[in-house]
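This report concerns only the one structure given below.
Note that the structure is a prediction, hence the values are computed from the model and not measured.
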Amino acid sequence: SFLIIYKWCTGSTADLYHVLIYMFLKPGEITEEGYLYDGQAVVQNLLLIIAFVSVPWMLLPKPLILKKRHEAAGHGGAYAPASTDEGEEGTALVSGPMSDEHAGGGGG
């Protein structure tokens, strides 16, 4: 949106499609049709670096935090022998009591 407003205010004839596309295809190179202001290459490179850093920054912490919370809560369960209706021993997952939040009620 900054580029649109800047283009309107300055009366530039720069093609914003070229500016945005070539910012990723040829970082640091400004063509004549994409030139808007001095220092544009530096700003575009800075924006690219921020974009590449922010993606892992947003995607990695959440699963790691959730895993740490899950392990700290003692979930994960343990297998123990359990009897079936026929009296045979089988294996069943033994875990802590379920809260109402995680109960599979399906109510509305």
**Request:** Report the distance from atom NE2 of His18 to atom NZ of Lys26, rounding to the nearest 0.5 Å.
**Result:**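 Separation between the atoms: 10.5 Å.
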**Asked** About how many Å separate CE of Met23 and CD of Gln40, when rounded to the nearest 0.5 Å?
**Response**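 Nearest 0.5 Å value for the CD-CE distance: 9.5 Å.
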**Nearest heavy atoms of Pro56 and Pro61, plus distance in Å** =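 Scanning both residues, the minimum pair turns out to be O-CD, 3.8 Å.
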List for me each residue that meets side chain to side chain contact (heavy atoms under 4.5 Å, CB included) alongside [X], sequence neighbours excluded, and say none if there are none.
X	value
Leu25	Ile21, Tyr22
Thr10	Tyr6, Ser12
Val55	Leu59

**Prompt:** So which residues get pulled into Leu64's cluster when ILVMFWY side chains under 4.5 Å apart are joined, directly or through others?
**Reply:**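 When side chains under 4.5 Å apart are linked, Leu64 ends up in no cluster with other residues.
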**Message:** Through direct or indirect side-chain contacts below 4.5 angstrom among Ile, Leu, Val, Met, Phe, Trp and Tyr, which residues connect to Leu66?
**Reply:**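 Members alongside Leu66: none; it stands by itself.
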**Item:** Qualifying salt bridge (Lys or Arg N to Asp or Glu O under 4.0 Å) pairs, either residue in residues 56-67, two or more places apart
**Value:**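 Qualifying pairs, neighbours excluded: Lys67-Glu71.
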Can you give each donor-acceptor pair under 3.5 Å made by side-chain atoms of residues 44-54, sequence neighbours left out, with the distance rounded to 0.1 Å?
residue: Asn45; atom: OD1; partner: Gly28; partner atom: N; Å: 3.2
residue: Asn45; atom: ND2; partner: Ala41; partner atom: O; Å: 3.4
residue: Ser54; atom: OG; partner: Ile50; partner atom: O; Å: 3.1
residue: Ser54; atom: OG; partner: Ala51; partner atom: O; Å: 3.1

**Asked** Is Phe2 linked to Ile4 within one hydrophobic cluster, defined over Ile, Leu, Val, Met, Phe, Trp and Tyr using a side-chain heavy-atom separation of less than 4.5 Å?
**Response**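 Linked, Phe2 and Ile4 end up in one cluster.
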**Message:** If you define the side chain from C-beta out and look only at heavy atoms, does anything of Tyr35 sit under 4.5 Å from Glu32?
**Reply:**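 No, every pair of side-chain atoms sits at 4.5 Å or beyond.
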**Note, Val19 side chain near Ile30 side chain (heavy atom, < 4.5 Å)** =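 No, their side chains stay 4.5 Å or more apart.
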**Request:** Ignoring hydrogens and angles, tell me if any N or O in the side chain of Lys7 forms a donor-acceptor pair with the backbone of Ala14 under 3.5 Å.
**Result:**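 Yes, the answer is positive, given that a donor and an acceptor are paired below the 3.5 Å cut-off.
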